[in-house]
Amino acid sequence: MTINIKSPKHQVIYKFILLCLVLLAYFGYLSYEYDLITGGIASLITWSFFVLCTPIADAGFLLDFPLRLLFGIRMIISEVVVWAIAILINIIALFYFQDYYNITPLTKLSYAIITTPYPYWAVILLSCIGTFLSIRFGDELMDVISHRDRAFFHKHNFIYEIVLFIFFILVFMGYYELTSTLNMDINNGHLV
């Protein structure tokens with residue numbers, strides 16, 4: 001039995017394993033610098049930051065794309081679960097592990113966004129819109145590639161797709177403008 005490394009299914013598995021190794025290395029580094037519990041909690045908060053506070057499906061994509069490719073689960077469904085987990089992580093961390101938000105620059109930034117409803121919850125809202133728009137495009141692309149729902153894809157009006165793309169760009173612009181007001185000093189890891 002030979003394994004075709006160039007097949008899309010195998011490439012996704014290898015990329016998924018590589019990304020998991022990056023996450024494990026980050027967890028290992030934080031655990032080495034602090035301790036096992038601190039490393040674990042700070043890693044979870046960092047992961048949830050990438051889910052809730054970035055306008056593309058990056059942290060969730062670790063699960064979404066492999067689940068879609070391997071099991072056919074639509075990425076929109078798995079991303080809803082990812083968002084629920086990220087929100088739950090922060091609720092638990094805010095009530096029981098609030099000190100762990102002071103570990104890294106990203107956890108500090110996450111804390112600033114989560115605990116400042118106005119105006120920074122707009123970062124989460126814009127991230128949600130951007131993430132689910134990108135997931136929608138990803139699901140449609142997978143449908144076309146796999147020839148599933150091809151009739152559905154062709155029924156979409158080209159103008160409608162352009163309007164969605166422009167809306168996506170506007171989300172990114174709004175996200176950039178809002179996050180630039182956070183005044184994060186990356187070198188020192190402090191909010192100015």
Side-chain angles (χ1 to χ4, degrees), residues 12-71 73-135 138 171-172 175-176 178-179 182-191:
V12 168
I13 292 171
Y14 294 131
K15 289 177 184 177
F16 177 72
I17 290 169
L18 181 64
L19 287 171
C20 286
L21 290 174
V22 168
L23 285 175
L24 285 173
Y26 180 71
F27 164 72
Y29 167 75
L30 290 176
S31 296
Y32 175 77
E33 283 291 316
Y34 301 100
D35 59 52
L36 192 63
I37 292 175
T38 303
I41 294 171
S43 295
L44 287 173
I45 292 171
T46 302
W47 176 81
S48 73
F49 170 82
F50 283 110
V51 171
L52 300 175
C53 300
T54 57
I56 54 172
D58 42 15
F61 202 69
L62 280 171
L63 298 173
D64 299 337
F65 190 65
L67 288 174
R68 173 67 194 254
L69 195 63
L70 298 173
F71 303 110
I73 298 170
R74 295 195 64 82
M75 291 188 286
I76 194 89
I77 294 169
S78 57
E79 189 66 22
V80 168
V81 173
V82 164
W83 270 71
I85 292 169
I87 290 168
L88 185 62
I89 286 169
N90 281 284
I91 289 171
I92 292 169
L94 283 171
F95 282 107
Y96 299 108
F97 306 105
Q98 197 168 23
D99 293 342
Y100 292 92
Y101 281 100
N102 290 319
I103 302 300
T104 69
L106 285 178
T107 55
K108 290 175 185 176
L109 186 58
S110 181
Y111 182 79
I113 291 170
I114 290 169
T115 59
T116 312
Y118 181 79
Y120 297 123
W121 280 10
V123 168
I124 297 171
L125 177 64
L126 290 172
S127 296
C128 181
I129 293 168
T131 294
F132 283 96
L133 281 176
S134 68
I135 287 294
V171 165
F172 271 107
Y175 176 84
Y176 174 77
L178 191 58
T179 55
L182 281 166
N183 297 324
M184 181 73 177
D185 181 4
I186 298 296
N187 296 328
N188 296 322
H190 299 293
L191 290 171

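Values below: every heavy atom of this structure, side chains too, minus hydrogens, waters and symmetry copies. Keep in mind that this is a model prediction, so the values were computed, not measured.
Here CD1 of Ile87 is found 12.0 Å from CD1 of Ile92. Values are rounded to the nearest 0.5 Å. Note that the CG atom of Leu94 and the OG1 atom of Thr115 stand 7.5 Å from one another [nearest 0.5 Å]. If you take CG on Leu44 and CD1 on Ile41, they are separated by 7.5 Å, rounding to the nearest 0.5 Å. For the atom pair Phe50 CZ and Thr131 OG1, the distance stands at 12.5 Å (nearest 0.5 Å). For the atom pair Cys53 SG and Leu109 CG, the distance stands at 7.0 Å (nearest 0.5 Å).
Residues Val80 and Phe132 are in side-chain contact: their nearest non-hydrogen atoms beyond the backbone lie under 4.5 Å apart.
For the pair Trp83 (side chain) and Leu52 (backbone), a donor-acceptor distance under 3.5 Å is absent. Remark: the backbone N or O of Met75 is paired with a side-chain donor or acceptor of Ser78 at under 3.5 angstrom.
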In a table with atom names and distances, give each donor-acceptor pair under 3.5 Å that connects a side chain of residues 96-103 to protein atoms at least two apart or in another chain.
residue : atom : partner : partner atom : Å
Gln98   : NE2  : Tyr111  : OH           : 2.8
Tyr101  : OH   : Asn90   : OD1          : 2.6

Please set out all donor-acceptor pairs under 3.5 angstrom arising from side-chain atoms of residues 16-29, sequence neighbours excluded.
residue : atom : partner : partner atom : Å
Tyr26   : OH   : Thr46   : OG1          : 3.0

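Nearest approach of Asp35 to Thr38, heavy atoms of both residues: OD1-N, 2.7 Å. Nearest approach of Ser31 to Gly40, heavy atoms of both residues: OG-N, 4.4 Å.
No side-chain donor from either of Thr107 and Ser110 sits under 3.5 Å from a side-chain acceptor of the other.
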*Decide side chain to side chain contact (heavy atoms under 4.5 Å, CB included) for Trp121 and Thr116; before the verdict, give the C-alpha distance in whole Å, the side-chain angles of both, and the deciding distance to 0.1 Å.*
CA-CA 7 Å; Trp121 280 10; Thr116 312; over 6 Å; no
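Atom CD1 of Ile37 has 12 or fewer heavy atoms from other residues, nucleotides or ligands within 6.0 Å.
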